[in-house]
Amino acid sequence: MPQRTVLLVLFDGVQSLDVTGPLEVFAGAERQTPGTYRIRTASLDGAPVRTSSGLTLVPDGPLTGARDPHTLLVPGGEGTRAPDPELTAWLRAHGPRARRLVSVCTGAILLAGAGLLDGRRVTTHWSYCAKLARDHPSVTVEPDPVYVRDGHVATSAGVTAGIDLALALVEEDLDRDTALTVARHLVVFLRRPGNQAQFSAQLAAQTARRDPLREVQRWITEHPADDLSVEALAARARLSPRHFARAFRDETGTTPGRYVDRVRLEHARRLLEDTADGVEEVSRASGYGTPEAMRRAFVKALGTPPAEYRRRFRPAPAH
């Protein structure tokens, strides 16, 4: 099996977890199967960099002396807000030479600034998706997924999403068993599907300002199997259905139907991950009614049916 060089780009203001998360994944895979990855870190001049949290990282050397890698990984962090023109120029010149181009969090902003994401589907940290789309109209920004693959370019959302993406790359490069062993060592799930939403339903939606609407949000979360039609929820908020739907959308940023869909999907995922309940029981408890309805929801949102989701993400029983 050929050895793959992974080069991680360092710069002042980098987010430390954007670097160390993927690095630990690739290093773990190398420990499992020696000779598969050669991991290098480099800053522009080879000097130590200070991360956004104050941690100092000492690179292996300068970017100017780095050989073209198999995987070029660009992390994010506060240092991407005003990128060094020399770093942008280096990425523009050397990025196309990498077999695989990867970014974590706002590292996508650096790649886009170097012209490496034109015509690509990408993602980044949720709070920078609008900026990335506005500043680079030739890039298609998808704000929801944990990570996005488009050809040899892979971009991930904020911070820990870099671990999910790195695990997916290890599974692709080596095999699922190696990725699973690394994930267990790091005490994380093997990986979230790339198109899984960055946020839970409660975090994705704003909290309503008015008490009756906040109470409805809480009720939905705690009673996913109940009647959660607009009419039923409007009655609970003591509003007309039309007034309720408009107010809910205005105050939370999403429609009641979409909020209910996300809460039910999230509830079903937790049951599949944490319990031994059958698919039919999970579908009823989550408000889907039938296994087929739940299957359609999973395939649409996550690209995988419930049984396969459970196989991937339910932790193995302890021995």
Side-chain angles (χ1 to χ4, degrees), residues 123-127 129 142-148 156-165 167-168 183 187-208 213-230 232-233 236-237 244-245 248-249 251-316:
T123 193
T124 187
H125 190 282
W126 63 270
S127 64
C129 285
E142 300 188 4
D144 287 333
V146 171
Y147 59 83
V148 171
S156 65
V159 194
T160 58
I163 295 176
D164 295 294
L165 176 54
L167 285 167
V187 198
V188 297
F189 288 125
L190 171 56
R191 60 180 172 90
R192 292 176 286 178
N195 57 354
Q196 182 171 317
Q198 294 187 30
F199 277 143
S200 67
Q202 291 81 6
L203 289 177
Q206 304 166 37
T207 300
L213 296 181
R214 285 202 300 270
E215 170 61 22
V216 165
Q217 286 182 286
R218 184 191 65 79
W219 176 266
I220 293 170
T221 302
E222 295 178 359
H223 302 85
D226 282 23
D227 178 5
L228 301 180
S229 64
V230 169
L233 296 176
R236 179 165 290 279
F244 168 77
F248 190 95
R249 184 181 63 250
E251 295 198 19
T252 68
T254 189
T255 66
R258 289 197 186 98
Y259 190 81
V260 168
D261 287 345
R262 296 190 73 164
V263 166
R264 284 177 167 162
L265 183 71
E266 206 168 284
H267 188 263
R269 281 177 33 227
R270 284 198 299 268
L271 292 180
L272 290 172
E273 293 168 4
D274 300 336
T275 76
D277 295 349
V279 170
E280 186 168 352
E281 188 176 354
V282 170
S283 66
R284 288 198 305 270
S286 304
Y288 289 111
T290 67
E292 176 58 24
M294 185 169 76
R295 189 193 71 81
R296 289 196 300 269
F298 266 66
V299 170
K300 179 180 179 180
L302 303 177
T304 187
E308 175 63 13
Y309 181 90
R310 166 170 274 172
R311 187 185 72 82
R312 289 186 181 184
F313 301 109
R314 188 181 179 198

Report task. Give the intermediate values and the outcome of salt bridge (charged side-chain N to carboxylate O under 4.0 Å, His left out) for residues Arg311 and Glu308. Result -> CA-CA 5 Å; Arg311 187 185 72 82; Glu308 175 63 13; 2.8 Å; yes
Report summary line: Between Val282 and the options Met294, His267, Arg269, the side chain to side chain contact (heavy atoms under 4.5 Å, CB included) test singles out Met294
Requested in this report: Would you give the length of the straight line joining atom OG1 of Thr255 to atom CZ of Phe248, rounded to the nearest 0.5 angstrom?
Outcome: 8.0 Å
Query raised in the report: Less than 4.5 Å apart, any side-chain heavy atom of Cys129 and any of Thr124?
Result: yes
Query raised in the report: Would a 4.5 Å heavy-atom cut-off, applied to side chains only, mark Leu233 and Val260 as touching?
Result: yes
Query - Set of residues satisfying salt bridge (charged side-chain N to carboxylate O under 4.0 Å, His left out) with respect to Arg258, sequence neighbours excluded - result: none
Requested in this report: Would you please say whether a donor-acceptor pair under 3.5 Å links the side chains of Tyr288 and Arg264?
Outcome: no
Report summary line: Across all chains, not counting sequence neighbours, the side-chain hydrogen bond (donor to acceptor under 3.5 Å, both in side chains) partners of Asp227 are Ser229
Query raised in the report: Which distance, rounded to the nearest 0.5 Å, do you find between the OG1 of Thr221 and the CD of Glu266?
Result: 8.0 Å
Query raised in the report: For the residue pair Pro291 and Ser283, what are the closest heavy atoms and their distance?
Result: N-OG, 3.5 Å
Requested in this report: Taking all heavy atoms of Thr275 and all of Arg310, pick out the closest pair and write down the distance.
Outcome: O-NH2, 2.9 Å
Query - Those residues that, when tested against Arg236, pass side-chain contact (heavy atoms from CB on, under 4.5 Å) (two or more places apart) - result: Val216, Trp219
